[in-house]
Amino acid sequence: MAEKTGSILGTLREYGENTSAHGIPRAVTTKSLPRRLFWTCLFLASFSYFCSQAYDLVNKYLDYPVTTDIKIEWSELEFPAVTICNANPLRFSELRKLGHEGFQNAGFIPKPDRTPQNNQGNAINNNAAAAGGRPQQEQPTTVPPTTTTRTETTTPGDYEDYEDYDYDYDDHHEDFKTANTFMGLIANMNSTTRQAIGHQARDFIQECQFDGRACSPKNFSVFTDSTYGNCFTFNKANGNTAPQRSTSAGPLNGLSLILYIQQEEYIPSLTEKAGARVVVHSPDRWPFPEFEGFDASPGFLTSAGLRLTSITRLGGRYGDCTNGNGYELLYGGAYTQANCLVTCHQQHMVSVCGCADPSLKAPVNTAFCDSVTTTVECTNRVKREIATGVLPCTCPASCSDKVYGKAIGLAEWPADSYLSHVLNKLMTKRGRRPGAGILGNTDSFKRNLLKLNIYYEALNYEQISESPGYEEESLLGDLGGQLGLWVGMSLLSAMEVVEIFADLFAIIFKKFSFKEMKSSKKIDVAPREKKDADNFALTLKGNM
């Protein structure tokens with residue numbers, strides 16, 4: 001018995017005879033050599049398969065999978081923020097009054113004619129501009145064509161006066177160049193001046209109602225966009241007041257607006273579409289009208305029925321989402337992936353080109369890029385390198401998102417029978433009504449006014465949330481199941497393994513301790529005997 005408990009082999013044999021794990025006692029206690037080999041091989045094979053399964057289970061856990069849960073909830077909903085912008089960025093008459101040389105040279109406004117014979121025409125044009133209209137264009141002098149005889153003939157497939165362009169990645173369209181030139185000019189203008197010459201809320205927003213109650217332009221906050229000029233946001237998050245909420249669904253319980261777009265103020269060589277740009281977003285998020293939202297056309301009632309989808313992501317070890325901590329964004333509001341991407345783009349522009357993209361907000365103490373060829377080439381290179389990943393942008397998704405699905409509908413507005421009612425209603429408005437020429441002409445009315453309805457289709461919303469797909473409890477349960485199936489061990493059997501390793505460690509520690517003690521005794525014997533003999537000789541000498 002002492003041999004069993006005092007040696008390594010004895011301890012292992014005792015474990016093999018008494019363990020509760022299946023297979024091991026059969027391999028140790030059986031007298032037949034073939035049976036011992038059979039049970040040994042069977043145990044090793046089962047244990048190897050268990051190790052393979054355990055490896056897969058641990059890797060599955062370390063992948064930190066998530067389970068997506070989708071639920072349909074019903075409750076009173078927070079109404080989204082609604083941002084509206086006129087498709088035209090600046091009022092043409094105000095831009096003419098400003099007389100900016102850069103806009104004149106680029107052809108956005110006519111240059112002043114200083115020739116004496118045109119004084120009368122200039123006076124007419126100035127009066128028209130002061131009235132908010134377009135300057136009258138002089139009719140060109142027509143020259144009678146000369147009659148010439150052409151003997152040339154054309155065959156099928158030959159096209160005269162046809163410009164055939166070969167696609168060139170480096171050649172930009174004239175409309176693209178015009179838009180970029182305009183953005184570069186207004187980017188360098190004073191922000192106060194930009195807001196002053198843009199479309200004003202008191203003219204743009206003719207009528208407003210929310211949830212059946214009247215509202216006004218005072219309920220909108222303004223910001224200046226590089227593409228659309230003055231934009232106005234309803235229900236923007238404010239630290240002092242909570243956002244508006246919807247208690248009922250349907251158009252009568254949402255936001256309803258009548259907008260006056262002032263087509264007579266559109267810049268001729270720039271603005272190609274008429275209407276309003278609309279963005280529906282969370283109250284705490286910054287809108288980007290250039291690549292978000294939809295257009296509302298004049299002469300129509302545009303309805304946007306909303307469906308809310310709330311998305312919650314886990315983040316951390318389960319994903320790459322973020323709450324915005326540590327991110328310095330170019331625009332205000334909560335973190336969004338779009339805000340992060342435009343911030344990253346502008347940062348790369350400043351670091352590579354030494355100037356800021358005029359289509360975006362500029363960082364502090366940074367000048368905007370001009371439209372010279374070298375700057376345009378640098379801007380295009382930065383965009384390509386961001387798209388290909390040469391210049392990285394780490395912008396994960398937000399851990400909490402609200403997505404507003406929109407069902408857009410159009411109807412001609414106003415109906416013929418309703419036209420007189422709308423006219424009477426707009427004529428009674430003091431200081432903000434459209435011009436008499438607009439209200440007195442049905443065609444001008446439909447070219448300049450539109451109605452917009454934004455509402456919830458239903459107050460139920462879709463809740464999409466992530467939960468851990470494989471947690472510690474699942475890992476332990478699967479490992480225990482595999483261990484019991486292939487090795488026949490339970491938690492108590494596993495503790496027996498821990499016990500045997502503790503016993504083996506104790507035996508090895510005792511053996512090494514005994515050897516060190518024995519070697520130290522052998523080293524100290526000779527000096528001690530010599531020391532004792534010297535002491536005895538000195539004592540004997542002293543007695544004599």
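Because only heavy atoms are used, hydrogens play no part in the values below, and waters and symmetry mates are left out as well, while side chains stay in.
- Of the inter-residue distances, the one linking Leu98 atom CG with Ser93 atom OG reads 11.5 Å to the nearest 0.5 angstrom.
- No donor-acceptor pair closer than 3.5 Å links the side chain of Thr312 to the backbone N or O of Ser465.
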When you look at Glu466 and Ile311, which way does the side chain to side chain contact (heavy atoms under 4.5 Å, CB included) test go after all the steps?
CA-CA 9 Å; Glu466 292 181 345; Ile311 302 175; over 6 Å; no
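- In this model, Cys344 has its SG atom no nearer than 2.5 Å to the SG atom of Cys395.
- No donor-acceptor pair closer than 3.5 Å links the side chain of His348 to the backbone N or O of Lys383.
- With contacts defined as side-chain heavy-atom distances shorter than 4.5 Å, the pair Asp63/Tyr470 does not qualify.
- Disulfide criterion (SG-SG under 2.5 Å) for Cys231 and Cys85: met.
- The heavy-atom pair separating Thr271 from Pro89 by the smallest distance is OG1-CD, 3.8 Å.
- When all heavy atoms of Tyr260 and Asp203 are compared, the pair lying nearest together is CB-O, 3.4 Å.
- Heavy atoms only, all atoms of each residue included: Val382 and Cys353 are closest at CG2-SG, 3.8 Å.
- The side-chain heavy atoms of Cys393 and His345, taken from C-beta on, include no pair separated by under 4.5 Å.
- Between the side chain of Thr366 and the main chain of Val364, a donor-acceptor pair closer than 3.5 Å is present.
- A donor-acceptor contact shorter than 3.5 Å links the side chain of Asn219 to the backbone of Ser216.
- Taken from CG in Leu479 to CG in Leu475, the straight-line distance is 4.5 Å, to the nearest 0.5 Å.
- Just one of His281, Lys236, Glu292, Arg277 meets the side-chain hydrogen bond (donor to acceptor under 3.5 Å, both in side chains) condition when paired with Thr83; it is His281.
- Counting heavy atoms from C-beta outward, Val82 and Asn235 have side chains that stay 4.5 Å or more apart.
- Under a cut-off of 6.0 angstrom, the local environment of CD in Glu101 is sparse, with at most 12 non-hydrogen atoms contributed by other residues, nucleotides or ligands.
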Walk me through it: do Tyr335 and Cys399 pass the test side chain to side chain contact (heavy atoms under 4.5 Å, CB included)?
CA-CA 10 Å; Tyr335 173 90; Cys399 290; over 6 Å; no
Solution key, residues 313-333 side-chain donor-acceptor pairs under 3.5 Å, sequence neighbours excluded:
residue: Arg313; atom: NH1; partner: Ser398; partner atom: O; Å: 2.5
residue: Arg313; atom: NH1; partner: Asp401; partner atom: OD2; Å: 3.2
residue: Arg317; atom: NH2; partner: Glu472; partner atom: OE2; Å: 3.4
residue: Thr322; atom: OG1; partner: Gly324; partner atom: N; Å: 3.0
residue: Tyr331; atom: OH; partner: Lys361; partner atom: N; Å: 2.8

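- At least one donor-acceptor pair closer than 3.5 Å links the side chain of Gln200 to the backbone N or O of Gly198.
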Test Gln244 against Asp211 for side chain to side chain contact (heavy atoms under 4.5 Å, CB included), laying out the working first.
CA-CA 10 Å; Gln244 299 288 341; Asp211 199 17; over 6 Å; no
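- A donor atom on one side chain and an acceptor atom on the other are not found under 3.5 Å apart for Tyr456 and Asn253.
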Would you sort out whether Tyr61 and Asp478 count as a side-chain hydrogen bond (donor to acceptor under 3.5 Å, both in side chains), showing the intermediate values?
CA-CA 11 Å; Tyr61 172 76; Asp478 289 344; over 6 Å; no
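- Within 6.0 Å of OH in Tyr418 there are more than 12 heavy atoms belonging to other residues, nucleotides or ligands.
- Using a 4.5 Å cut-off on side-chain heavy atoms (C-beta onward), Pro434 and Asn448 make no contact.
- No hydrogens or angles considered: a donor-acceptor pair under 3.5 Å links the side chains of His199 and Gln262.
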Are Cys378 and Cys369 close enough, and set up right, to give a disulfide bond (SG atoms under 2.5 Å apart), and what steps lead you there?
CA-CA 10 Å; Cys378 181; Cys369 300; over 6 Å; no
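- To the nearest 0.5 angstrom, Leu57 atom CG is 9.0 Å from Asn59 atom CG.
- Closest approach of Pro358 and Gly184 over heavy atoms only: CB-CA, 3.9 Å.
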Would Phe92 and Glu265 satisfy side chain to side chain contact (heavy atoms under 4.5 Å, CB included), going step by step from the backbone distance to the final call?
CA-CA 5 Å; Phe92 185 71; Glu265 293 285 1; 4.1 Å; yes
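- Distance check: Lys273 NZ to Tyr266 OH gives 9.5 Å after rounding to the nearest 0.5 Å.
- None of Phe210, Phe234, Phe204 except one satisfies the ring-ring contact (aromatic ring centres under 6.0 Å, His included) rule with Phe220; the exception is Phe234.
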Determine whether Thr379 and Asp357 satisfy the following criterion, side-chain hydrogen bond (donor to acceptor under 3.5 Å, both in side chains), listing intermediate values before the conclusion.
CA-CA 8 Å; Thr379 303; Asp357 188 339; over 6 Å; no
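- Across all non-hydrogen atoms, the minimal contact from Phe368 to Ala362 is CZ-CB, 3.4 Å.
- Residues Arg447 and Pro298 are not in side-chain contact: their nearest non-hydrogen atoms beyond the backbone lie 4.5 Å or more apart.
- Residues Asn230 and Arg194 have side chains that never bring a donor and an acceptor to within less than 3.5 angstrom of each other.
- The 12-atom threshold is exceeded at CD of Glu76, counting heavy atoms of other residues, nucleotides or ligands nearer than 6.0 Å.
- In this structure, Trp413 CH2 and Ile258 CD1 are separated by 4.5 Å, a value rounded to the nearest 0.5 Å.
- Across all non-hydrogen atoms, the minimal contact from Ser467 to Asp69 is OG-OD2, 3.2 Å.
- Close placement of the Phe182 and Phe103 rings is indicated, their centers lying within 6.0 Å of each other.
- In this structure, the side chains of Leu410 and Leu301 stay at 4.5 Å or more apart for every pair of heavy atoms.
- Atoms OG1 and CG, on Thr178 and Leu270 in that order, are 7.5 Å from each other to the nearest 0.5 Å.
- With Thr442 as the partner, the side-chain contact (heavy atoms from CB on, under 4.5 Å) test is satisfied by one option alone out of Asp416, Leu423, Leu419: Leu419.
- Taking the side chain as every heavy atom from C-beta outward, Glu462 and Ile72 approach each other to under 4.5 Å.
- Side-chain contact between Ser282 and Tyr404 is present, with at least one heavy-atom pair separated by less than 4.5 Å.
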